[in-house]
Amino acid sequence: MKLKHIAQATLAAAGLMLVPLSAMATEVEVLHYWTSGGEAKSAAELKKLMEAKGVSWKDFAVAGGGGENAMTALKARVIAGSAPTAAQIKGPSIQEWGKEGVLANIDAAAKDGKWDASLPKVVSDVMKYKGHYVAVPVNVHRVNWLWVNPEVLKKAGATAPTNFDEFFVAADKIKKAGLIAIAHGGQPWQDATVFESVVLGTGGAAFYQKALVQLDSASLNSPTMIKAFDTLAKIKTYIDKDAAGRDWNLATAMVINGKAGMQFMGDWAKGEFSAAGKQPGKDYLCLPAPGTEKAFTFNIDSLAMFNVKGADQQKAQLTLANAVMSPEFQEVFNLNKGSIPARAGVSRAKFDSCALKSMDDMDATSKSGGLVPSMAHGMAIDSAKAGAIQDVVARFMNSTMTSQAAVQALVKAVKAK
Ligand code: GAL
């Protein structure tokens, strides 16, 4: 036995733990990437709630939309043996972390709070590793939205589009009026966000499910997929030349201030409109991405809990988990974040028309088969495969690659992983 282990064993036997002094206080450290205006307001609500419960909040915010930077920071901390109390991790990645043996069992909180009864099974299944809760859901984001500035449409003499033909008619008019038709940030995760909505709008939910969830090679290698890339190529021509590297919230700001007409983005964009004091239906429109009215790509944010040392820290962790699942939190957080509550039993009264549409559409699509997991936001497939698809799409967006070549690259990338 190594010296350190003997010392640890002795202290543990004496009921003591090798916990750094700073961590002795009741504190939770939470890693997240909620750093834009609307997101920071949402995260601040959780901090407030924890402090009201006597638990201090150590913020571990890592900027970078889609969370790639945050995941890199998390890996470094876990490898160094100093995982945070909780981290914003979702979908199949929760299983990947579970396999590493670093996640905490929070069944005690789930039992107390009757989570099984308040969560749809599709949600609770994702929060469990080998049948035990290891994560808590924060919200449900819908990804297949198009955010539109109606003033820009009016100036351009354009109308709100419902399918891609109408979309390109509107885009042409906006361009002719001297404005930017599509606000976009050239970052791989944003490219993938547009791509999945285009695949959904081109092939429908059943095709999306086969191609981007089951990774069926006949669907990946199909005329429908070629058509989707053709549409994506056309979309590229309406994006301004300064888009490379632009953050998603800056692209949303272009729609908010009327510099651009439309943006493909999940409803965290609504958090930016709300933070700017804008009203849906009046200052902006939330439309299903062209051709996707009958489908819903879901993206569930969740906090996965890591093994922490000491009874105090474990208690604080369960307090955090319970707070996140409370109806008060799910209401206030989601009012700011643009998403909808993940749990049942939250009043709809304060939610706006976009959120109500999201709630109703989620319900309807869960019955019709139109409810599908977002590939671009880590809900559908493991992170290596999602990364491989993202790379192909980013290459397509930044080169003159043909749709045929993109489809071939897609099939190859998925097989290689
Ligand atoms: C998503 C995440 C959202 C939001 C967005 C931009 O993947 O689920 O909560 O943070 O990225 O970073």
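The figures that follow rest on heavy atoms only: side chains count, while hydrogens, waters and symmetry mates do not. Computed from a prediction, not measured in an experiment: that's the story for all the values here. Both counts, for ligands and for their atoms, begin at 1 and track the order of listing.
Less than 4.0 angstrom separates some heavy atom of Trp34 from each of these atoms of ligand 1: 9 (O), 10 (O). Close contacts between ligand 1 and Lys90 involve ligand atoms 1 (C), 2 (C), 7 (O), 8 (O) [criterion: under 4.0 Å to a heavy atom]. Residue contact check: Gln88 has heavy atoms under 4.0 Å from atoms 9 (O) of ligand 1. Residue contact check: Glu39 has heavy atoms under 4.0 Å from atoms 4 (C), 5 (C), 6 (C), 10 (O), 12 (O) of ligand 1. Heavy-atom contacts of Gly65 reach the following atoms of ligand 1: 12 (O) (cutoff under 4.0 Å). The Lys337 neighbourhood of ligand 1 comprises atoms 3 (C), 4 (C), 9 (O), 10 (O), with distances under 4.0 Å to a heavy atom of that residue. Taking a cut-off of under 4.0 Å to the non-hydrogen atoms of Asn299, the atoms of ligand 1 that pass are 1 (C), 2 (C), 7 (O), 8 (O).
On a distance-only criterion, Gly66 and ligand 1 share at least one N/O pair closer than 3.5 Å. Below 3.5 Å of separation, one finds no N or O of Trp268 facing any N or O of ligand 1. For Trp189, no nitrogen or oxygen atom sits less than 3.5 Å from a nitrogen or oxygen atom of ligand 1, counting backbone and side chain alike.
For Gly67, the closest heavy-atom approach to ligand 1 does not fall below 4.0 Å.
Residues passing the ring-ring contact (aromatic ring centres under 6.0 Å, His included) test with His141 are Trp268, sequence neighbours excluded. When the salt bridge (charged side-chain N to carboxylate O under 4.0 Å, His left out) test is applied to Lys130, no partner is found at least two apart in sequence or on another chain.
In terms of modelled atom types and a separation under 3.5 Å, the side chain of Gln317 and the main chain of Thr85 share a donor-acceptor contact.
The cationic group of Lys236 lies under 6.0 Å from the six-membered ring centre of Phe396 and within 45° of the ring axis, placing it in a cation-pi geometry.
Aromatic ring centroids of Phe167 and Phe264 lie under 6.0 Å apart. Proximity of the aromatic rings of Phe306 and Trp97 is defined here by a centroid distance below 6.0 angstrom, and this criterion is met.
Taking 4.0 Å as the cut-off between side-chain N and carboxylate O, Asp267 and Lys357 do not count as a salt-bridged pair.
Taking 4.5 Å as the limit, some side-chain heavy atom of Asp191 sits within range of a side-chain heavy atom of His184.
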